[in-house]
Amino acid sequence: MPPKPKASRAPRRSSAAPAAPAQQPDERPVEAAEGKLQTSSLLTTAQGVRLSDTDHSLKAGPRGPSLMDDFHLREKITHFDHERIPERVVHARGAAAHGTFTAYGNAGSVTKAGFLQGGRETPVFVRFSTVLGSRGSADTVRDVRGFATKFYTGEGNFDLVGNNMPVFFIQDGIKFPDIIHAGKPHPDREIPQAQTAHDTFWDFVSLHTEATHHVMWAMSDRGIPRSYRTMEGFGVHTFRLVNAKDETCLVKFHWKPVAGIHSLVWEEAQIAAGADPDFHRRDLADGIEAGAPLEFELGLQIMPDSDDQTFEGIDLLDPTKIVPEELCEVQLVGKLTLDRNPTNYFAETEQVAFHTGNLVPGIEVTDDPLMQARLFSYLDTQLTRLGGPNFTQLPINCPHAGVNDNLRDGMHQTAVHRGVAPYLPNSLGQEGEPVPAEPDEGAFVHVPREVSGPKVRANPASFADHFSQAALFWASMTAIERAHIVEAFTFELSKCYEQPIRERMLGVLANVATDLCTAVAAGLELPAPSGTPTADPVPSPALSQIVDAPGPIAGRVIGVIASDGADLAGISKLRRAVEAKGAVLRIVAPSGGTIKHGRSTQPVERTFLTTRSIEYDAVVVAAGNPTLVDGRLTVLLGELFRHCKVIAAWGDGADVLTAAGIDTTAPGIVVGETVAKPYTTELITAVGLHRAWDRSGLTTAS
């Protein structure tokens with residue numbers, strides 16, 4: 001952004017003591033006219049009460065739950081939740097699908113939750129989203145993706161409201177308005193939209209170093225997934241499971257995509273944002289419509305419910321930490337299949353209301369201070385977005401279990417209640433009025449846990465480790481993934497106008513890994529500061545997306561370049577082969593209509609004018625096109641080659657590749673004489689590997 005006049009001020013954490021002598025409160029009222037508000041140099045509540053700390057919620061001890069008498073937390077979150085109407089403040093850009101969750105039946109020993117018992121099939125609705133952008137922003141921006149699942153269980157709705165990254169920027173929910181304000185467009189110009197490549201975001205995360213681990217994930221390829229079907233999902237927090245014997249354990253939820261974990265490269269993300277800003281939304285809907293449902297397996301990391309709520313030295317109440325899968329295996333307990341598109345975007349995708357407090361017997365929350373604030377925030381948000389307290393009566397939010405909540409009136413009340421006694425207990429009620437359920441009738445009863453401690457705004461000492469897991473993430477990446485992380489940091493920080501912010505962030509990276517800091521500093525043409533990175537972190541191979549074995553290709557798109565005279569019989573064989581694997585084949589031609597060979601025809605689905613390389617996971621040039629020369633085709637093939645995607649041809653189609661400057665001997669280039677089974681097998685295997693990373697010149701080794 002261009003330079004702006006601004007006051008020079010050293011950064012100061014909100015909880016730090018003021019350098020100047022403390023001002024005494026002025027008990028005289030300030031005139032409430034325009035220009036007379038926001039006059040204090042010290043932070044206050046909206047009522048003018050001065051605050052000493054806005055970084056920590058009030059808890060019962062450093063590791064205890066947040067307390068309802070934290071008036072500052074409630075005011076800060078409430079105001080934040082109501083900033084924008086009717087669009088969601090965060091996760092405004094979304095797409096969704098209906099489906100079914102089928103339990104494997106192996107979770108009964110750890111939870112009594114009915115939907116996880118053997119043989120249970122539960123209807124679900126899943127909404128995927130980006131966090132920062134408005135409803136009109138692009139799908140492929142670098143951002144966190146929401147992965148929110150509503151289970152319509154027989155015991156009531158359970159919402160698993162997660163992300164495609166297992167950690168978050170902050171440790172305490174009281175900072176949530178701050179991180180989002182920092183990431184959103186600058187308030188004076190409302191730019192840049194849907195991205196973090198600007199001063200306020202990097203100012204925040206370089207000052208709040210608890211964000212470092214999450215920033216590593218966001219700057220990795222995880223920040224630009226190939227599609228919703230190829231990204232992981234995480235519950236982020238640690239939850240408590242309760243079984244039928246009231247025995248408890250601590251768990252982390254994982255969604256494992258059956259299609260594998262794949263991402264875009266940065267140039268693809270930029271192309272898609274311009275050529276098809278609805279790229280992920282379109283891929284989701286088109287895939288389901290083509291008969292390729294999205295599939296995920298639900299996994300649990302199960303850990304003892306110890307008094308200190310830690311595992312292998314990792315604080316399970318810290319949402320900026322993961323438990324590496326090598327330390328605690330992810331046990332798969334069920335499968336999610338999304339196979340039906342919404343009928344109406346507004347009625348379903350836009351009006352669906354998730355809430356982390358929508359729990360069922362057998363699943364409880366922990367004292368994670370980020371989760372504690374979310375328990376308030378989600379419900380509060382719905383009151384503004386959906387016009388009042390009766391949003392649960394909207395069809396997309398309505399439980400499939402029986403409801404008799406005894407909640408009356410309010411805007412948009414559609415139930416017609418009877419009786420004169422809307423309270424319990426009463427002696428005037430009519431038949432059919434609700435009574436509280438007993439535990440053996442499926443009532444939700446919290447497992448008793450002792451809570452004690454002084455009222456403090458503080459974090460436990462274990463929350464002070466901000467760099468070891470960021471170092472673990474870096475150590476777990478391959479050379480290709482590291483190069484992409486360096487490029488992402490360099491790109492984002494180069495968009496910052498303020499030089500001190502860049503320098504401060506380099507200081508943060510110096511505490512993660514020396515080689516990371518040095519590479520980013522070189523890209524910014526700044527000196528690399530020294531730091532104290534974690535010595536020799538043990539890598540977690542599960543964190544890398546690079547695979548050495550092919551995965552499924554269901555939902556992938558394969559383009560076939562053809563024109564009149566092309567080998568249509570070969571195209572038909574190829575179509576049968578890839579569609580048998582759940583992939584989609586699209587014919588791309590110089591112009592629309594149909595292509596012909598003798599009496600045979602094939603419909604054209606894309607033209608050189610209307611397509612870009614981002615649409616395809618692979619492109620094949622059909623035989624019978626030896627003189628096919630077009631500058632737009634040369635650009636398309638060049639982008640595919642540069643992005644390490646699979647390129648193929650058969651017969652004299654290879655001449656088209658050569659004419660476009662494609663090295664037909666390079667990795668990931670599949671050339672054959674005819675569309676025989678060995679050829680289609682080689683092509684499908686190559687697509688299953690996602691990309692031919694060997695073409696990049698970088699190694700896939702860590």
Side-chain angles (χ1 to χ4, degrees), residues 140 226 262-276 279 553 556-568 570-571 574-575 578 583-592 595 602 604-675 679-680 682-698:
T140 58
R226 160 63 181 83
H262 304 301
S263 294
L264 302 172
V265 296
W266 180 230
E267 186 183 20
E268 283 184 297
Q270 293 174 302
I271 291 171
D276 186 6
F279 182 72
I553 67 166
R556 303 294 186 88
V557 179
I558 297 173
V560 175
I561 307 298
S563 59
D564 287 338
D567 178 10
L568 300 191
I571 293 175
L574 181 60
R575 185 186 297 275
V578 301
V584 175
L585 185 142
R586 291 179 180 153
I587 292 180
V588 186
S591 58
I595 54 174
Q602 288 272 4
V604 174
E605 292 153 294
R606 296 289 189 275
T607 69
F608 294 165
L609 178 64
T610 62
T611 197
R612 287 298 296 268
S613 62
I614 182 66
E615 287 193 71
Y616 309 105
D617 296 281
V619 163
V620 186
V621 181
N625 299 296
T627 60
L628 186 57
V629 178
D630 190 293
R632 293 166 296 185
L633 176 58
T634 300
V635 170
L636 183 144
L637 292 171
E639 288 176 351
L640 290 160
F641 189 87
R642 191 163 63 249
H643 301 155
C644 299
K645 288 187 174 180
V646 176
I647 302 174
W650 76 87
D652 57 11
D655 297 339
V656 176
L657 299 185
T658 301
I662 303 300
D663 179 4
T664 58
T665 65
I669 309 298
V670 181
V671 177
E673 289 300 317
T674 62
V675 184
Y679 177 82
T680 58
E682 183 180 359
L683 174 63
I684 289 169
T685 298
V687 176
L689 290 169
H690 187 53
R691 297 185 194 269
W693 288 119
D694 291 345
R695 254 191 353 244
S696 70
L698 296 171

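Among residues at least two apart or in separate chains, salt bridge (charged side-chain N to carboxylate O under 4.0 Å, His left out) pairs with a member in residues 683-693 are E268-R691.
Not a single donor-acceptor pair under 3.5 Å links the side chain of N625 to the backbone N or O of A566. Between the R695 side chain and the F641 main chain, a donor and an acceptor come within less than 3.5 Å of each other. Side chain of D652 to main chain of A623: no donor-acceptor pair is present (N/O by atom type, distance under 3.5 Å, no hydrogens or angles). In this structure, the side chain of R556 does not engage the main chain of A583 through any donor-acceptor pair within 3.5 Å.
Applying the side chain to side chain contact (heavy atoms under 4.5 Å, CB included) rule to L689 yields the partners V547, P550; only residues at least two apart in sequence or on another chain are considered. Taking E267 as the reference, R642, H643 meet the side chain to side chain donor-acceptor pair (under 3.5 Å) condition, with sequence neighbours excluded. Under the salt bridge (charged side-chain N to carboxylate O under 4.0 Å, His left out) criterion, D567 pairs with no residue at all, not counting sequence neighbours. By the salt bridge (charged side-chain N to carboxylate O under 4.0 Å, His left out) test, R586 pairs with D286, E615, sequence neighbours left out. Remark: E639 pairs with R612 by the salt bridge (charged side-chain N to carboxylate O under 4.0 Å, His left out) rule, at least two apart or across chains.
The side-chain heavy atoms of V620 and L683, taken from C-beta on, include a pair separated by under 4.5 Å. Using a 4.5 Å cut-off on side-chain heavy atoms (C-beta onward), Y679 and T674 make no contact. Within the 4.5 Å cutoff, the side chain of I614 has no heavy atoms near those of the D276 side chain. Put simply, the side chain of V619 does not reach to within 4.5 Å of the side chain of V588, judged on heavy atoms. Using a 4.5 Å heavy-atom cutoff, the side chains of V578 and T680 are not in contact.
Closest approach of K645 to D617, counting heavy atoms only: CB-O, 4.0 Å. Nearest heavy atoms, V671 versus A654: CG1-CB, 4.0 Å. In terms of heavy atoms, I662 sits closest to L637 at CD1-O, 3.7 Å. Nearest approach of A618 to V687, heavy atoms of both residues: CB-CG2, 3.7 Å. The shortest heavy-atom contact between V604 and S591 is CG1-O, 3.6 Å. Nearest heavy atoms, D663 versus I669: O-CG1, 3.5 Å.
To the nearest 0.5 Å, atoms CG (L585) and OH (Y616) are separated by 10.0 Å. Taking CD1 of I271 as the start and CG of L264 as the end, the distance is 10.0 Å to the nearest 0.5 Å. The distance from the NE2 atom of H690 to the SG atom of C644 is 10.0 Å, given to the nearest 0.5 Å. Taken from CD1 in I595 to CD1 in I571, the straight-line distance is 4.5 Å, to the nearest 0.5 Å. To the nearest 0.5 angstrom, I558 atom CD1 is 6.5 Å from L574 atom CG. Rounding to the nearest 0.5 angstrom, the gap separating the CD1 atom in I561 from the OG1 atom in T611 is 7.5 Å.
Exactly one residue among T634, V635, D630 makes a side-chain contact (heavy atoms from CB on, under 4.5 Å) with F608. That residue is D630.
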Using side-chain contact (heavy atoms from CB on, under 4.5 Å), reason through L633 and V656 one step at a time and then give a plain yes or no. CA-CA 9 Å; L633 176 58; V656 176; 3.9 Å; yes
